[in-house]
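A short write-up of the structure that comes next.
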Amino acid sequence: GAGVSQTPSNKVTEKGKYVELRCDPISGHTALYWYRQSLGQGPEFLIYFQGTGAADDSGLPNDRFFAVRPEGSVSTLKIQRTERGDSAVYLCASSNRPYNEQFFGPGTRLTVL
Amino acid sequence: AQRVTQPEKLLSVFKGAPVELKCNYSYSGSPELFWYVQYSRQRLQLLLRHISRESIKGFTADLNKGETSFHLKKPFAQEEDSAMYYCALYGSGGYQKVTFGTGTKLQVIP
């Protein structure tokens with residue numbers, strides 16, 4: 001079956017612009033996670049959704065970052081007023097319930113010029 | 001605060017040699033620990049989790065609460081084991097934050 005998909009695979013933007021990154025989880029997975037991975041680092045937790053609600057958004061670095069999952073499936077990570085330091089690979093993962101195996105997407109490589 | 005430490009960025013071993021990838025954690029609650037692996041040009045994927053206590057691809061990991069460690073071991077390394085390995089800690093008690101270590105690159109020399 002289809003795995004987790006993320007679009008776009010690459011995004012280049014200019015400092016100060018707004019970007020949206022999309023995640024399509026595995027069908028039926030209620031748990032959805034967003035991570036950010038910088039070069040040489042492990043995935044850094046951003047936010048966790050259980051269904052439509054953000055159960056834990058403690059990893060969002062500041063109020064420029066926001067994520068939604070309005071119907072409990074597709075999720076969008078939104079970054080306002082992008083900065084060069086936001087450049088990273090943004091990973092999405094889904095799971096059929098908390099504490100279970102997470103299935104990762106291929107990531108979106110964001111480059112802020 | 002929860003923290004995961006993987007002290008080695010790179011571990012090189014010869015084929016057939018034993019492997020131990022170190023993971024130490026800091027967490028006040030009851031930890032749920034996992035090992036994820038990323039092979040070249042592939043996605044991150046689960047290797048094993050501590051509560052299953054199973055061996056996957058010859059790898060095992062034992063949770064040692066006294067030493068707050070969850071080291072990954074394999075008695076005889078294979079070339080196909082070359083990959084990035086990440087230790088991950090899942091929070092509990094109403095918080096679902098997941099903390100990954102910085103990863104260890106395992107290089108198995110033929």
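Protein chains get the first letters and strands the later ones, always in sequence-line order, with residue 1 at the start of each. Given the structure is predicted, the values throughout are model-derived calculations rather than measurements.
Residues A/Asn100 and B/Arg49 form a side-chain contact, since some pair of their non-hydrogen atoms from C-beta on lies under 4.5 Å apart.
Considering A/Asp56, A/Asp57, A/Leu46 as possible partners of B/Lys97, the one that fulfils the side-chain contact (heavy atoms from CB on, under 4.5 Å) test is A/Asp56.
More than 12 heavy-atom neighbours from other residues, nucleotides or ligands sit within 6.0 angstrom of CD on B/Glu79. Atom CZ of B/Phe76 sits in a sparse spot, with 12 or fewer heavy atoms from other residues, nucleotides or ligands closer than 6.0 Å.
Linking Ile, Leu, Val, Met, Phe, Trp and Tyr residues whenever their side-chain heavy atoms come within less than 4.5 Å places B/Tyr39 and B/Leu48 in a single cluster. Residues B/Leu47 and A/Val4 are members of separate hydrophobic clusters, defined by side-chain heavy-atom contacts under 4.5 angstrom among Ile, Leu, Val, Met, Phe, Trp and Tyr. Put simply, A/Val19 and A/Phe66 are part of two different groups of oily side chains (I, L, V, M, F, W, Y) that touch within less than 4.5 Å, one to the next. Taking hydrophobic clusters as Ile, Leu, Val, Met, Phe, Trp and Tyr residues chained together by side-chain heavy-atom distances below 4.5 Å, A/Tyr48 shares a cluster with B/Leu44. Placement of A/Leu77 and A/Leu110 within a single hydrophobic cluster is found when ILVMFWY residues are connected by side-chain heavy-atom separations under 4.5 Å, directly or transitively.
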- Task: Walk me through it: do A/Gln102 and B/Val98 pass the test side-chain contact (heavy atoms from CB on, under 4.5 Å)?
- Result: CA-CA 11 Å; A/Gln102 293 185 30; B/Val98 182; 3.6 Å; yes
- Query: Between B/Tyr86 and A/Gln37, is a side-chain contact (heavy atoms from CB on, under 4.5 Å) present by the stated rule, with each step listed?
  - Reply: CA-CA 12 Å; B/Tyr86 295 95; A/Gln37 187 170 23; 3.0 Å; yes
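For a residue to count as touching a neighbouring chain, one of its non-hydrogen atoms must lie under 4.5 Å from one of that chain's; by this rule B/Lys105 does not touch chain A. Contacts between A/Ile47 and chain B at a heavy-atom distance below 4.5 Å are absent for every atom of the residue.
Between A/Phe45 and B/Phe100, the gap from one ring centroid to the other reaches at least 6.0 Å.
Note: A/Gly42 leads A/Gly107, A/Gly40, A/Gly42 in heavy-atom pairs under 4.5 Å with chain B. Across B/Gln6, B/Gln45, B/Arg43, the residue that shares the most heavy-atom pairs under 4.5 angstrom with chain A is B/Arg43.
Rounded to the nearest 0.5 angstrom, A/Phe103 CZ and B/Leu46 CG are separated by 8.0 Å.
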